[in-house]
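Reading through the structure tokens given below for one structure.
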Amino acid sequence: MKLRSKETYWLLMNGLINTYPSLQKNITCDVLIIGGGITGALMAYQLSGEGYKTVVVDKRDVALGSTSATTAMIQYEIDEPLFSLIKKVGENAAIDSYQGGVAAIDKLEKIIKTIKADCGFERKKSLFIASSSPDSKWLQEEYTCRKANEIDVSWLNQSQLKSKFGVAGEGAILSTAGASLDAYRLTHALLSYCVMHHGLKIYDHTEAESINYDAKNCIVLTDDKNIIKCKHVVHASGYESQSVVKSKIVKLISTYALVSEPVQKLPISLKNTLLWNTEDPYLYLRSTRDNRILVGGGDENFKNPLRRDNLIDKKQKFLMEKAQSLIPALKLIPDFTWAGTFGVTKDSLPYIGSHPDFPNSYFILGFGGNGITFSVMGMSIISDALAGKHNPFLEYFKFNR
């Protein structure tokens with residue numbers, strides 16, 4: 001599956017940071033991670049750091065799938081509002097998932113500081129904007145629910161929203177927990193750190209063609225007919241995992257993003273805040289560290305890569321008009337525009353843990369608009385699963401729930 005189209009801002013700005021050899025021999029390890037994007041890199045950091053002999057394989061160059069196309073809005077917020085998520089999955093699962101997202105942003109910041117990654121990480125506030133009067137009513141209910149569950153939020157009315165942010169809306173939730181980064185650079189930094197400090201082995205242009213199982217091991221055959229014998233497999237291949245897990249677990253969505261030319265006088269309120277609204281699909285904006293504005297949205301059901309890519313010019317115009325409507329004083333000139341694919345689950349929660357059809361194997365599939373946050377949460381979830389430790393998220397995020 002082609003997960004991105006045209007060349008994204010992140011790839012053009014950074015270039016091919018690092019490459020690794022393809023696998024050309026039989027090897028053994030404790031854990032094989034399939035997928036060398038941001039999720040696989042975070043998982044490699046966790047497990048190789050715990051002493052597992054760890055190998056990562058990717059059928060492309062690492063970080064060239066969804067990771068090079070992500071807009072990397074790091075949010076604790078899930079695509080399903082907390083008050084309605086409680087009705088879907090129960091109080092414990094919903095509240096723990098939201099609070100776990102807040103903790104994950106703190107954890108990610110610590111990891112980045114530990115490995116000294118130059119990835120443009122910035123802590124930001126998050127502004128969730130009501131696009132209409134009816135939306136303002138349920139968004140105020142959402143504000144009350146978050147506040148009651150010890151999430152640091154405040155409510156802005158229409159006039160406060162305009163005066164403080166120059167944003168047109170009927171009201172908004174302002175959260176203190178949020179961040180942005182360059183996920184492509186962070187992935188490379190994580191992998192390089194693990195190679196240097198934890199003995200991680202990485203093989204790109206190496207595809208896991210088939211997996212067989214015996215009582216204690218997984219036997220992985222690659223596309224070059226080499227064998228990887230491991231105790232456990234961790235699937236971190238994102239939306240492409242749908243071809244592995246035969247049951248339908250995610251609905252694929254085409255999404256679009258653009259990055260503007262640098263804005264000379266970027267308001268400090270926009271520089272320090274992630275913005276998104278209640279439209280369906282929602283529009284979102286954030287700044288980059290070189291004072292560009294990233295705008296995303298225009299989502300629609302994924303049909304095929306050709307149809308998705310043919311809409312890029314039309315979607316660029318759509319995103320520009322929406323951004324102008326949201327922030328009338330903001331004048332943008334588009335510089336990069338691309339399309340990608342993401343997915344939504346039935347309850348907006350990820351699938352993380354074991355699957356009954358795959359012995360000695362685990363999946364970390366952080367679907368949705370905050371997949372990176374879910375991936376950070378998944379680091380300790382998978383670690384606990386391997387160690388046989390109890391973790392409530394193994395129940396919340398399990399398959400067949």
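When all heavy atoms are compared, the tightest approach of Ala130 to Leu139 is N-CD2, 3.6 Å. Nearest heavy-atom pair across Met377 and Gly101 is SD-N, 3.9 Å. Considering every non-hydrogen atom in both Asn291 and Leu266, the closest pair reads OD1-CD2, 4.0 Å. The two residues Gly340 and Arg308 make their nearest non-hydrogen contact at O-CD, 3.6 Å. The nearest pair of heavy atoms linking Ile105 to Ala177 is CD1-C, 4.1 Å. Taking every heavy atom of both residues into account, Asn149 and Gln99 meet most closely at O-NE2, 2.8 Å.
Between the side chain of Thr206 and the backbone N or O of Asp204 there is at least one donor-acceptor pair closer than 3.5 Å. Judged purely by atom type and a 3.5 angstrom limit, Asp58 uses its side chain to pair as donor or acceptor with the backbone of Arg60. With Tyr351 contributing its side chain and Ile364 its backbone, the two residues share no donor-acceptor pair below 3.5 Å. Within the 3.5 Å criterion, the main-chain N or O of Thr222 finds no donor-acceptor partner in the side chain of Lys225. With hydrogens and angles disregarded, no donor-acceptor distance shorter than 3.5 Å links the side chain of Ser192 to the backbone of Ala189. Looking only at distances, a side-chain donor or acceptor of Thr373 sits under 3.5 Å from a matching main-chain atom of Gln75. Side-chain atoms of Ser237 never come within 3.5 Å of backbone atoms of Glu240 as a donor-acceptor pair (strictly under, hydrogens ignored). Remark: side-chain polar atoms of Glu80 are not paired, donor with acceptor, to backbone N or O of Lys88 under 3.5 angstrom. Proximity of a side-chain donor or acceptor of Ser68 to a complementary backbone N or O of Gly65 within less than 3.5 Å is detected. For Tyr213 (side chain) and Ser361 (main-chain N/O), no donor-acceptor pair under 3.5 Å exists by modelled atom type.
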Do any side-chain atoms of residues 281-289 form donor-acceptor pairs under 3.5 angstrom with protein atoms, and if so which ones, sequence neighbours left out?
{"from": "Tyr282", "atom 1": "OH", "to": "Asp79", "atom 2": "OD1", "distance (Å)": "3.1"}
{"from": "Tyr284", "atom 1": "OH", "to": "Thr71", "atom 2": "OG1", "distance (Å)": "3.4"}
{"from": "Arg286", "atom 1": "NE", "to": "Thr71", "atom 2": "O", "distance (Å)": "2.9"}
{"from": "Arg286", "atom 1": "NH2", "to": "Thr71", "atom 2": "O", "distance (Å)": "3.0"}
{"from": "Arg286", "atom 1": "NH2", "to": "Leu181", "atom 2": "O", "distance (Å)": "3.0"}
{"from": "Ser287", "atom 1": "OG", "to": "Lys124", "atom 2": "NZ", "distance (Å)": "3.0"}
{"from": "Ser287", "atom 1": "OG", "to": "Lys271", "atom 2": "O", "distance (Å)": "3.2"}
{"from": "Thr288", "atom 1": "OG1", "to": "Asp290", "atom 2": "OD1", "distance (Å)": "2.4"}
{"from": "Thr288", "atom 1": "OG1", "to": "Arg292", "atom 2": "N", "distance (Å)": "3.1"}
{"from": "Arg289", "atom 1": "NH1", "to": "Asp118", "atom 2": "OD1", "distance (Å)": "2.8"}

Identify each donor-acceptor pair in which a side-chain atom of residues 29-44 lies under 3.5 Å from a protein atom, sequence neighbours left out, and give them as a table.
{"from": "Asp30", "atom 1": "OD2", "to": "Lys53", "atom 2": "N", "distance (Å)": "2.7"}
{"from": "Thr39", "atom 1": "OG1", "to": "Ser375", "atom 2": "OG", "distance (Å)": "2.7"}

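Annotation: side chain of Leu174 is in contact with side chain of Lys125 (closest heavy-atom distance under 4.5 Å). Put simply, the side chain of Leu85 reaches to within 4.5 Å of the side chain of Leu349, judged on heavy atoms. No side-chain heavy atom of Ile352 sits under 4.5 Å from any side-chain heavy atom of Leu365. Within the 4.5 Å cutoff, side-chain heavy atoms of His188 are placed close to those of Val62. Phe302 has its side chain within reach of Thr341: a pair of non-hydrogen atoms, C-beta onward, lies under 4.5 Å apart.
A ring-centre distance under 6.0 Å is found for Tyr193 and His198. The ring of Phe363 has its center closer than 6.0 angstrom to the ring center of Phe399.
Here Thr70 pairs with Ala72, Ala183, Ile372 under the side-chain contact (heavy atoms from CB on, under 4.5 Å) rule; sequence neighbours left out.
In this structure, a donor-acceptor pair under 3.5 Å is present between the side chains of Thr337 and Gln316. Between the side chains of Thr19 and Asp61, no donor N or O sits under 3.5 Å from an acceptor N or O. Side-chain polar atoms of Asn301 and Lys251 form a donor-acceptor pair below 3.5 angstrom. Trp276 and Ser126 are linked by a side-chain donor-acceptor pair at a separation below 3.5 angstrom, with hydrogens and angles left out of the test. With hydrogens and angles left out, the side-chain atoms of Glu50 and Ser48 include no donor and acceptor closer than 3.5 Å. For the 3.5 Å distance criterion, the side chains of Asp96 and Tyr396 qualify, holding a donor opposite an acceptor. Donor-acceptor pairing under 3.5 Å is lacking for the side chains of Glu77 and Asn370. Side-chain contact check for Asp182 and Asn14: at least one donor-acceptor pair (N or O, by modelled atom type) lies under 3.5 Å. For the residue pair Thr176 and Asp152, a side-chain donor N or O sits within less than 3.5 Å of a side-chain acceptor on the partner.
The pair Glu300-Lys315 meets the salt-bridge criterion, with a side-chain N (NZ, NE, NH1 or NH2) lying under 4.0 Å from an Asp/Glu carboxylate O. Under the 4.0 Å criterion applied to side-chain N and carboxylate O atoms, Asp106 and Arg123 are assigned as salt-bridge partners. Residues Glu395 and Arg401 are not paired through a salt bridge, judged by the lack of any N-O separation under 4.0 Å between the basic side chain and the carboxylate. Under the 4.0 Å criterion applied to side-chain N and carboxylate O atoms, Glu141 and Lys137 are not assigned as salt-bridge partners.
Within 6.0 Å of CD on Glu261 lie more than 12 heavy atoms contributed by other residues, nucleotides or ligands. No more than 12 heavy atoms of other residues, nucleotides or ligands lie within 6.0 Å of NZ in Lys317, so this atom counts as exposed by the packing criterion. For Lys107, the NZ atom is densely surrounded, since the number of other residues' heavy atoms within 6.0 Å is greater than 12. Sparse packing is recorded around NZ of Lys216, with 12 or fewer heavy atoms of other residues, nucleotides or ligands lying under 6.0 Å away. Annotation: Ile333, atom CD1; neighbour count of heavy atoms from other residues, nucleotides and ligands within 6.0 Å does not exceed 12.
Rounding to the nearest 0.5 angstrom, the gap separating the CG atom in Leu23 from the CD atom in Glu207 is 13.0 Å.
The aromatic rings of Phe367 and Tyr239 sit parallel to each other, their planes meeting at less than 30°, with 60° as the upper class boundary. The aromatic rings of Tyr143 and Trp155 sit tilted, their planes meeting at an angle between 30° and 60°. Using the six-membered ring where Trp is involved, Phe397 and Phe393 have ring planes that are tilted, between 30° and 60° apart.
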Item to complete: Kindly determine whether Ile293 and Val295 satisfy side-chain contact (heavy atoms from CB on, under 4.5 Å), including the steps that lead there.
Response: CA-CA 6 Å; Ile293 295 293; Val295 185; 3.9 Å; yes
Problem set entry | Pair Leu274-Ser180, side-chain contact (heavy atoms from CB on, under 4.5 Å): steps then yes or no | CA-CA 8 Å; Leu274 311 173; Ser180 64; 4.3 Å; yes
query: After noting the C-alpha distance and the side-chain angles of Val233 and Asn360, does the key distance pass the side-chain contact (heavy atoms from CB on, under 4.5 Å) rule?
result: CA-CA 7 Å; Val233 172; Asn360 301 319; over 6 Å; no
- Message: Between Ile312 and Asn310, is the side-chain contact (heavy atoms from CB on, under 4.5 Å) condition met? List the steps.
- Response: CA-CA 6 Å; Ile312 288 177; Asn310 285 340; over 6 Å; no
